Every structure is written in C-alpha cells, then in structure tokens.
Amino acid sequence: MPLVTTKEMFKKAYEGGYAIGAFNVNNMEIVQGITRAAKKLNAPVILQVSAGARKYASHGYLKAMVDAAVEETGLPIALHLDHGPDFETCKSCIDGGFTSVMIDGSSLPYEENVALTKKVVDYAHAHGVVVEGELGQLAGVEDDVNVSAEDASYTNPDQVEDFVKRTGVDSLAIAIGTSHGAYKFKPGQKPQLRFDILDEVAKRLPGFPIVLHGASSVVQEFVEDINKFGGEMPDAIGIPEDMLRESARRAVCKINVDSDLRLAMTAGIRKHFAENPTHFDPRQYLTPARENIEKAVAHKIETVLGCADKA
Ligand code: G3H
Ligand code: 13P
Ligand code: ZN
C-alpha cells in the first residue's frame with residue numbers, strides 16, 4: 001500500500017470514537033520505533049515532519065525513510081507537514097510527495113489566516129493532498145516561536161463554520177487547553193481541557209475531524225529516568241491520558257505527540273550511559289532509545305488513541 005491521505009483514516013476514527021496518533025519524526029530510529037509499535041498493534045499512523053525536522057534531516061532523507069516504513073509494514077501511513085509556516089513550505093512538501101500538510105496561520109489576524117489557508121488548500125487539493133488548518137493559539141514552544149500562557153487563546157467556536165467553509169480545509173486544529181512542550185501546567189495547577197469548547201465546535205461542524213496539538217502526557221516513567229540519570233525536569237507535567245482518550249471519543253481524530261518521544265529517547269540514552277559509560281557505539285545507545293519510542297507509541301495506541309487493530 002502506498003502512502004495514504006488522512007481522509008479515510010479520519011472518517012473511520014470519527015465514526016469509531018478513536019483517534020490516530022500523529023508522531024513527529026526526525027531520524028531513522030524515531031521512524032522505526034513508531035512504525036514497529038504501529039505494526040505490532042495493527043494501527044494506522046501519521047508520521048509528521050516539522051520545518052525544523054526538514055532542516056535537520058532534509059526532505060529527501062525523511063521521505064525515503066517513511067517510504068521504507070510503508071514498504072516494510074504495509075500499514076496505512078500518512079506523511080504530514082507539521083506547522084507549515086508559509087505557502088512555499090507547504091508547496092514544497094506537496095510537490096515532494098507528502099500526503100497531508102498543515103498550514104499554521106493561527107498567529108495571523110483571522111482574515112489573513114483564511115486567505116493563506118485557502119491558498120494552500122487550493123494547491124493541495126489540486127494535487128490530491130489534504131490540509132489541516134488551525135484556529136486559536138496554544139501556549140508553548142514550536143520551532144523558535146514561544147507563545148506564553150497569557151498570549152495563548154482558546155478557539156472561538158463562532159468562527160469555525162465560517163473558517164472551514166471559506167478555506168475548504170479537511171481538518172481543524174483547535175486550542176482547548178493543551179500546549180506544546182513538557183511543561184503544560186504549573187506545579188499544583190489542576191490539568192484541565194475545555195471539553196465545552198470541543199463540543200461546541202463539534203456541534204457546528206458535525207462529522208468534521210478535529211486535531212489536538214500539544215497532546216503529550218509527559219510519561220512519568222521517562223521523566224523519572226531522565227531525572228535519575230542526570231536530573232533537571234522534576235516539574236514536567238502533561239495532559240492526563242484519560243482526558244485525551246475522552247477527546248478521542250468525541251470529535252478529535254488526530255492527536256499530536258512529539259515531547260513524549262523526545263523524553264522516551266533521552267531517557268533511554270541517559271540510562272544507557274549511566275549504566276555503561278564506556279559503550280560509545282551509537283548502535284548501543286540508540287537501541288534503547290528506539291525501544292523506548294516503540295514502548296511509548298504502543299502505550300499511546302492502546303491507552304490514549306484506541307486505534308489498535310484499525311489499520
Ligand atoms: O509542535 C511542534 C513539534 O513538537 C515539532 O517541534 O519544530 O522543534 O521540530 P520542532
Ligand atoms: P507535544 O509537545 O505535546 O508533544 O505536542 C506536539 C505537537 O503538537 C506537534 O505538532
Ligand atoms: Zn503542534
């Protein structure tokens with residue numbers, strides 16, 4: 001099976017009350033860890049590439065590695081541009097074989113977001129590629145942009161119908177209290193998601209796939225290892241898994257996870273060096289890193305996403 005778009009995946013996910021995991025990929029071990037877990041659990045999966053990932057690894061390497069994973073697993077896999085910053089980057093990914101792109105106009109004034117998103121949709125649809133747009137702003141760090149909690153804003157449900165109708169987007173990322181990075185809530189603060197906003201959006205857009213960014217749970221097992229074998233992030237707090245599962249039962253069809261994979265990988269490498277300080281062959285320390293990614297993704301598929309056996 002070649003790379004697929006998210007169209008069919010989202011339709012089934014919406015109807016089945018589950019979500020598809022969208023995991024960020026930057027190198028071979030990450031691609032392999034994610035797709036091994038998806039293969040074991042027979043789950044569809046979205047591999048997403050940020051502008052920063054393209055800069056780090058290059059479009060060609062990432063595309064070739066994802067093609068290899070498609071060939072090896074035979075799973076429905078979509079290749080998606082995460083947080084497309086402008087039309088040119090989206091066009092380059094569409095021309096270069098991605099099956100899905102996000103145009104992130106969420107920081108622009110509303111009318112500018114509509115115009116930019118529509119321009120990307122027109123080009124993408126003419127090439128058989130689907131588009132994710134965004135309304136509302138998450139807190140946290142993406143690439144070099146740091147949005148403070150005060151500047152973040154929830155999605156306004158009154159805008160979503162107009163936005164989807166005028167742009168033609170295939171899915172919509174909304175802000176309901178998730179945020180990028182590993183510090184989503186302050187210590188002592190009660191983690192909360194605005195399910196009322198999600199439900200309002202779903203009411204205005206029946207059957208339409210909603211996306212959650214900033215959805216890492218900050219898996220404590222990995223944070224504990226990072227702290228034990230080097231220390232530095234005792235206050236990392238993520239989105240509770242039961243809240244993510246609940247959002248997947250509602251209109252959320254795509255859940256974005258990157259930070260949890262970073263933690264998993266780093267925990268594996270730190271543990272390796274703490275226990276084997278002289279084992280410096282990269283294959284020795286990247287093996288536990290890859291295994292931890294596989295473990296983290298398998299856990300997401302079973303506990304958070306509910307997409308096992310949906311391939
Ligand atoms: O939301 C952003 C993702 O975590 C990607 O991060 O832009 O540093 O690759 P990045
Ligand atoms: P996390 O930082 O919560 O993993 O979010 C990742 C994300 O939204 C990628 O677009
Ligand atoms: Zn994101």
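Bear in mind that the values here come from a model prediction, so they are computed numbers and not experimental data.
- The hydrophobic clustering, which links ILVMFWY residues whose side-chain heavy atoms are closer than 4.5 Å, places V131 and L79 together.
- Taking the six-membered ring for Trp and the full ring otherwise, the centers of F98 and H59 sit less than 6.0 Å from each other.
- Y123 and F87 have perpendicular rings, their planes meeting at more than 60° on a 0 to 90° scale where under 30° would count as parallel.
- With contacts defined as side-chain heavy-atom distances shorter than 4.5 Å, the pair R245/V304 does not qualify.
- A distance of 8.5 Å separates OG1 in T155 from CD1 in I176, rounded to the nearest 0.5 Å.
- Aromatic pair F273/Y285: ring centres closer than 6.0 Å.
- By the rule that hydrophobic residues join a cluster once side-chain heavy atoms approach within less than 4.5 Å of another member, L261 and Y183 end up as members of separate clusters.
- A distance of 9.5 Å separates OG1 in T266 from CG in N292, rounded to the nearest 0.5 Å.
- Using a cut-off of 4.0 Å between Lys/Arg side-chain N and Asp/Glu carboxylate O, D199 and K203 are scored as not salt-bridged.
- Crowding of K63 atom NZ: a count of heavy atoms from other residues, nucleotides or ligands under 6.0 Å exceeding 12.
- Salt bridge annotation for K165-E161: absent, with no cationic side-chain nitrogen under 4.0 angstrom from a carboxylate oxygen.
- With salt bridges taken as basic N to acidic carboxylate O contacts below 4.0 Å, one links E275 and K271.
- Counting heavy atoms from C-beta outward, L108 and L116 have side chains that approach closer than 4.5 Å.
- H213 and H180 have perpendicular rings, their planes meeting at more than 60° on a 0 to 90° scale where under 30° would count as parallel.
- The environment of CD in E71 is sparse: at most 12 heavy-atom neighbours from other residues, nucleotides or ligands sit within 6.0 Å.
- Figure legend: R194 and Y154 shown as a cation-pi pair, the cationic atom lying under 6.0 angstrom from the six-membered ring centre and within 45 degrees of its axis.
- A distance of 7.5 Å separates CD in E241 from CG in L244, rounded to the nearest 0.5 Å.
- A salt bridge does not link K11 to E8: none of the charged side-chain nitrogens sits closer than 4.0 Å to a carboxylate oxygen.
- The minimum heavy-atom distance between G177 and L193, with the atom names listed, is C-CD2, 3.8 Å.
- Atom OH of Y110 has more than 12 heavy atoms from other residues, nucleotides or ligands within 6.0 Å.
- Salt-bridge annotation for R204 and E200: present, with a side-chain N of the basic residue lying under 4.0 Å from a carboxylate O of the acidic one.
- Exactly one residue among K300, K184, K295 makes a salt bridge (Lys or Arg N to Asp or Glu O under 4.0 Å) with D260. That residue is K300.
- With respect to D170 and K7, a salt bridge is recorded, a charged nitrogen being found less than 4.0 Å from a carboxylate O.
- Taking 4.5 Å as the limit, every side-chain heavy atom of V219 sits out of range of all side-chain heavy atoms of L263.
- In the displayed structure, Q284 atom CD is contacted under 6.0 Å by more than 12 heavy atoms of other residues, nucleotides or ligands.
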